[in-house]
Amino acid sequence: LVGCSFLTAPLYRAFCQATGLGGEVKRGHDMELVETMSPVEGRELTIEFTADKSSSMKWSFRPLQRSITVFPGETALAFYRACNPTDKPVIGISSYNVVPYDAGLYFNKIQCFCFEEQRLEPGEEVDMPVFFYIDPDIMECPQLAGVETIMLSYTFFEAREEEVSHMLSILQKERDRVFHKARG
């Protein structure tokens with residue numbers, strides 16, 4: 001039962017990333033589109049950044065900017081800072097979401113630190129980038145027509161090395177199973 005509950009969050013996260021549901025950013029943006037896209041002026045969006053951590057996580061974690069203003073189609077770079085004030089290495093894994101949830105369909109991350117193991121040594125402090133853009137198609141979405149602010153929120157969780165290895169093993173097997181099933 002513990003093994004199944006351990007797998008629930010990663011599988012739900014993968015579903016949300018693939019569909020853009022649950023405020024998760026939809027992955028799979030087209031790099032050629034990113035290179036040729038230009039900002040759609042006339043509708044500024046304020047992107048607010050928040051940070052949280054689980055009660056067991058000993059790190060300090062915060063965004064380095066409270067917000068930035070972007071146009072749809074404009075790439076932007078933001079940073080979060082994490083610090084391990086303990087005397088032991090700590091491994092963290094972050095998840096994120098986007099509010100309003102429908103905006104997750106249009107919030108495209110090109111580079112980020114989420115869902116990847118982050119190991120900080122005692123006293124180590126790191127700045128972690130988030131490179132993103134808001135898809136210009138947001139301009140055509142009637143549910144988001146009046147939205148001026150989108151919030152990107154990260155939460156860090158502490159992970160034990162053996163838990164991370166176990167989780168990665170399970171996810172690898174599940175990925176292989178889904179891949180082979182999709183191929184026929």
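None of the values given here were measured: they were computed from a predicted structure.
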Is there a donor-acceptor pair under 3.5 Å between the side chain of [X] and the backbone N or O of [Y]?
X      : Y      : answer
Lys53  : Trp59  : yes
Glu125 : Arg81  : no
Asn84  : Leu120 : yes

Do [X] and [Y] have side chains that approach each other closer than 4.5 Å (heavy atoms only, starting at C-beta)?
X      : Y      : value
Val126 : Met128 : yes
Ser94  : Thr155 : no
Pro122 : Pro89  : yes

Heavy-atom closest pair, residues [X] and [Y]:
X      : Y      : result
Pro85  : Ser60  : CD-N, 4.3 Å
Glu44  : Phe71  : CG-CE2, 3.4 Å
Ala76  : Phe131 : O-CD1, 3.1 Å
Phe156 : Met57  : O-CB, 4.0 Å
Pro136 : Pro72  : CA-CB, 3.9 Å
Gly104 : Val98  : N-CG1, 3.9 Å

Distance (rounded to the nearest 0.5 Å) between [X] [atom1] and [Y] [atom2]:
X      : Y      : atom1 : atom2 : answer
Leu152 : Ser67  : CG    : OG    : 12.5 Å
Phe61  : Cys83  : CZ    : SG    : 12.5 Å
Glu158 : Ile91  : CD    : CD1   : 8.5 Å
Asp52  : Phe157 : CG    : CZ    : 8.0 Å
Thr69  : Glu74  : OG1   : CD    : 9.5 Å
Ile93  : Ser54  : CD1   : OG    : 11.0 Å

Checklist entry - Run the side-chain contact (heavy atoms from CB on, under 4.5 Å) check on Leu64 and Asp127 step by step: do they pass? => result CA-CA 8 Å; Leu64 290 183; Asp127 291 347; 3.7 Å; yes

Item to check | Charged N-O contact under 4.0 Å between Arg119 and Glu121 | outcome: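 Glu121 and Arg119: salt-bridged.
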
Next on the checklist: Applying side-chain contact (heavy atoms from CB on, under 4.5 Å) to Tyr133 and Met37, what does each step give before you reach the verdict?
Outcome noted: CA-CA 10 Å; Tyr133 68 94; Met37 153 177 85; 3.4 Å; yes

Item to check | Check against side-chain contact (heavy atoms from CB on, under 4.5 Å), Glu48 and Arg66 | outcome: CA-CA 6 Å; Glu48 294 181 346; Arg66 182 173 257 190; over 6 Å; no

Checklist entry - Looking at Tyr96, is Lys109 sitting on its ring face, NZ or CZ under 6.0 Å from the six-membered ring centre and within 45 degrees of the normal? => result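 Verdict for Tyr96: a cation-pi partner in Lys109.
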
Item to check | Within the 6.0 Å centroid threshold, strictly below: Phe113 and Tyr154 | outcome: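 That pair passes the under 6.0 Å test.
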
Next on the checklist: Using the side chain to side chain contact (heavy atoms under 4.5 Å, CB included) definition, which of the options Leu45, Asn108, Leu144, Val40 pairs with Ile134?
Outcome noted: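 The passing option is Leu45.
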
Next on the checklist: Quick one, Ile150 with Ile47, criterion side-chain contact (heavy atoms from CB on, under 4.5 Å). Give me CA distance, side-chain angles, the key distance, then yes/no.
Outcome noted: CA-CA 5 Å; Ile150 298 172; Ile47 311 301; 3.9 Å; yes

Next on the checklist: Let me check something: do Val147 and Leu105 share a hydrophobic cluster, defined by ILVMFWY side-chain heavy atoms less than 4.5 Å apart, either directly or through other members?
Outcome noted: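 Both belong to a single hydrophobic cluster.
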
